[in-house]
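Report on the structure given below.
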Amino acid sequence: MLTIQQIREQKERVIAGLEKKRVAGAQQLIDEVLQRDAERRQIQKQHDDVLAESNRVAKSIGQLMKTGQKEEAEKAKAQAKSLKEEAQRLVEALREAERKLQELLATIPNIPHESVPEGVSAEDNEIVEQKGEIPLLGEDALPHWELIVKYDIIDFETGSKVTGSGFPFYKGKGARLQRALLNFFLDRAVEAGYVEVQPPVLVNEASAFGTGQLPDKDGQMYHIERDNLYVIPTAEVPITNMYRDMILEEHQLPIKHVGYTPCFRREAGTWGADVRGLNRLHQFDKVEIVQIRKPEESYAALEEMRHYVQSLLEALELPYRVVKLCGGDMSFTSALTYDMEVFAAGQKKWLEVSSVSNFESYQAARMMLRYRTENKKTELLHTLNGSALAFPRIVAALLENNQTPEGIRIPKALQPYTGFDIIN
RNA sequence: GGAGACGUGCCGGAGUGGUCGAACGGGCUUGACUCGAAAUCAAGUGUACCCUCUAACGGGUACCGAGGGUUCGAAUCCCUCCGUCUCCGCCA
């Protein structure tokens, strides 16, 4: 979240940022935050003063007892008691003020980087780069949801029976392709300097809050009520939260991790004609990269991550474009996001396969993730992450773009991992 | 799942109601000594919030797994929860 210090010190910048993100009533929101903050400080001052007095009296009682001044001690006790009662009233008011302030702060999204374009929706996003040949297929080119049936490699109907819609089975070469992608993506990331981790796929409430899924995306996650655990929507959550409540030393930085997990999303109310087949699932596989950086390095790291993801798409010979999201289309927690979209020639659509974001100190503030600077100050770190990559839409594009009368060709880079060069 | 033990600062480890943010040792930082290093000696060494216009400095409050309670006063007593370890059970 934004810290109260940030809001106090850079009020105008914060308001302008929220407006760019199309937050309604930004000015009033920030005014309310500042007013609540002032209230809180005033109450805390009173509370601290009363407690300080109470502590002084309590200490003097100890002295009086030692020197045997019983009467004096009794008098002091009575005084201490009334101070204590006053403090108790104040502590309740203080908690209430803190709770209100925190609640309000938690609803404020991150503010965008200055380079983020103005805009309200995906149509205002800025295309930064486009690479690769868009394949010219004949009129008989099939979308992937027909190809998977034709070659019997992914089975949605059985998944519906066993679990529900959006939970497919991968079979035969389809399953093997998943395994190939997993190893391919992990091997590449490790070569690029990311340390592999295999995280839990269930996280507690504090972790879900730490990376910003709670309270903003409560309805998006599966929740296990009995144990109060959330099923992760992305590996970002457990991996970034490894460092929650930590003060890192400079020599530990930068931190770079890669992890594979299945991801689970309820996607309530988002089903429609344009999310057929693999385009949107409740369970899907993803390899995620995460970096934790000193603030002054984070934008260089973002570019590095973006180019790394591009190199994967190039290795897979997929035509893609890089899109910089506009203010209105960005996520709650992000300061700058690049989406990577591949062209799927069967459905003739661009599909988002990766989203690479710099959260600056937004997640770090929620997680209390800091480092000690050279002059021994503690300072919030910056967190970043990106998909590298999400499997289903990659598979969709591979199937559609590489279909031939003989079968579906597998790109060269993947062949050592699949053990075959065609699905037929 | 059952029984028991335990949870203190960067680490080890004291502390069973008052002057304890916390002995002692190690580590680390700075200084002295040295051509330099080692050894030795001395000093320092947590986090958050608040107050002082800001900052340094200073002052206050809170924090000894978490949350409650008892008390004028709790790391120390009581309750609940979480975690770790040992034994038994179960099991991939």
Side-chain angles (χ1 to χ4, degrees), chain A residues 1-13 33-106 198 200-210 224-230 238 241-253 255 361 364-381:
Chain A
M1 67 185 109
L2 298 180
T3 64
I4 190 65
Q5 289 84 355
Q6 281 172 309
I7 295 172
R8 282 206 291 253
E9 286 159 23
Q10 306 177 56
K11 179 181 169 185
E12 297 311 321
R13 202 182 139 240
V33 167
L34 289 173
Q35 193 200 326
R36 293 226 178 277
D37 178 47
E39 278 168 30
R40 185 194 110 255
R41 279 147 78 190
Q42 194 208 342
I43 295 168
Q44 175 165 355
K45 175 81 174 99
Q46 288 175 31
H47 172 253
D48 284 357
D49 287 348
V50 170
L51 270 189
E53 180 61 18
S54 170
N55 285 345
R56 269 193 293 278
V57 173
K59 255 180 204 173
S60 77
I61 292 171
Q63 294 299 327
L64 293 170
M65 300 284 260
K66 248 182 205 158
T67 53
Q69 295 168 268
K70 290 258 167 58
E71 264 176 50
E72 299 293 317
E74 287 305 317
K75 226 187 272 176
K77 270 193 195 183
Q79 192 195 354
K81 189 155 195 164
S82 83
L83 282 169
K84 182 71 184 298
E85 280 162 10
E86 195 180 342
Q88 226 147 33
R89 275 198 307 278
L90 284 165
V91 86
E92 270 165 44
L94 182 60
R95 270 190 202 158
E96 181 61 12
E98 268 168 1
R99 193 187 59 77
K100 277 187 190 162
L101 181 63
Q102 284 308 314
E103 220 171 68
L104 208 54
L105 282 175
Q198 191 169 0
V201 300
L202 265 46
V203 296
N204 59 30
E205 214 176 327
S207 296
F209 179 82
I224 298 170
E225 209 167 311
R226 186 169 183 160
D227 300 293
N228 194 24
L229 294 172
Y230 290 85
N241 273 284
M242 289 167 74
Y243 298 92
R244 172 153 50 81
D245 292 320
M246 286 181 85
I247 299 174
L248 300 174
E249 300 298 332
E250 261 194 282
H251 67 82
Q252 297 175 269
L253 297 165
I255 285 167
S361 61
R366 293 176 155 238
M367 286 193 289
M368 291 299 275
L369 165 54
R370 294 160 295 169
Y371 79 112
R372 210 178 300 282
T373 64
E374 248 174 279
N375 52 17
K376 308 282 182 196
K377 291 278 182 209
T378 58
E379 194 172 314
L380 291 171
L381 283 159

Tell me the interatomic distance from [X], atom [atom1], to [N], atom [atom2], rounded to whole angstroms.
X: A:K77; N: B:U71; atom1: NZ; atom2: C1'; result: 9 Å
X: A:Q88; N: B:G68; atom1: CD; atom2: P; result: 12 Å
X: A:Q79; N: B:U71; atom1: CD; atom2: P; result: 19 Å
X: A:R8; N: B:C51; atom1: CZ; atom2: C1'; result: 12 Å
X: A:D48; N: B:A62; atom1: CG; atom2: P; result: 8 Å
X: A:Q5; N: B:A48; atom1: CD; atom2: P; result: 10 Å
X: A:H47; N: B:U61; atom1: NE2; atom2: P; result: 11 Å
X: A:D37; N: B:C50; atom1: CG; atom2: C1'; result: 11 Å

[atom1] gap between [N] and [M], integer Å:
N: B:G46; M: B:U8; atom1: C1'; value: 13 Å
N: B:A74; M: B:G68; atom1: C1'; value: 14 Å
N: B:U80; M: B:A3; atom1: P; value: 13 Å
N: B:U84; M: B:U16; atom1: C1'; value: 23 Å
N: B:G65; M: B:G2; atom1: P; value: 25 Å
N: B:C53; M: B:G9; atom1: C1'; value: 35 Å

Where is the tightest heavy-atom contact between [X] and [Y], given as atom of each residue plus distance?
X: A:A206; Y: A:R244; value: CB-NH1, 3.6 Å
X: A:I255; Y: A:Y243; value: CD1-CE2, 3.4 Å
X: A:R40; Y: A:E98; value: CD-CG, 3.5 Å

Base paired to [N] (Watson-Crick or G-U; both N/O distances under 3.5 angstrom):
N: B:A38; value: none
N: B:G9; value: none
N: B:C53; value: none
N: B:C33; value: none
N: B:C20; value: none
N: B:C81; value: B:G65
N: B:C28; value: B:G44
N: B:C90; value: none

Can you tell which of [options] lies closest to the side chain of [X]?
X: A:R95; options: B:C72, B:G68, B:C49; result: B:G68
X: A:M368; options: B:U61, B:C72, B:A48; result: B:A48
X: A:K377; options: B:C50, B:A62, B:A56; result: B:A56
X: A:K84; options: B:C50, B:U61, B:G73; result: B:G73
X: A:Q44; options: B:A48, B:G18, B:C49; result: B:C49
X: A:R40; options: B:C72, B:U61, B:C49; result: B:C49
X: A:R372; options: B:G73, B:G46, B:A62; result: B:G46
X: A:L51; options: B:C72, B:A62, B:G60; result: B:A62

Let me know, please, whether A:D49 or A:K81 comes out on the 5' side of the other along RNA chain B by nearest nucleotide.
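The residue whose closest nucleotide sits nearer the 5' end is A:D49.
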Find which nucleotide of RNA chain B each of A:I247 and A:R41 is nearest to by heavy atoms, and output the residue with the more 5' nucleotide.
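It is A:I247 whose nearest nucleotide is closer to the 5' end.
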side-chain contact (heavy atoms from CB on, under 4.5 Å) between A:L380 and A:T3, worked out:
CA-CA 10 Å; A:L380 291 171; A:T3 64; 3.9 Å; yes
Determine the contact category for A:A58: base if any of its heavy atoms lies under 4.0 Å from a base atom, sugar-phosphate if only primed atoms, P, OP1 or OP2 are that close, otherwise nothing.
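Base, at least one base atom sits under 4.0 Å.
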Contact under 4.0 Å: [X] side-chain N or O vs [N] OP1/OP2:
X: A:R56; N: B:G73; value: no
X: A:T378; N: B:A48; value: yes
X: A:N55; N: B:A62; value: yes

Do A:Q35 and A:E39 have a side chain donor and acceptor closer than 3.5 Å?
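Short answer, yes.
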Set out, in order, the CA-CA distance, both residues' side-chain angles and the distance that settles side-chain contact (heavy atoms from CB on, under 4.5 Å) for A:R89 and A:E86, then state yes or no.
CA-CA 5 Å; A:R89 275 198 307 278; A:E86 195 180 342; 3.6 Å; yes
Going from CG on A:N241 to CZ on A:R366, what distance comes out if it is rounded to the nearest 0.5 angstrom?
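The CG atom of A:N241 sits 10.5 Å away from the CZ atom of A:R366.
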Run the side-chain contact (heavy atoms from CB on, under 4.5 Å) test on A:R41 and A:K45 for me, step by step, so that the C-alpha distance in whole Å, both residues' side-chain angles and the decisive distance to 0.1 Å come before the verdict.
CA-CA 6 Å; A:R41 279 147 78 190; A:K45 175 81 174 99; over 6 Å; no
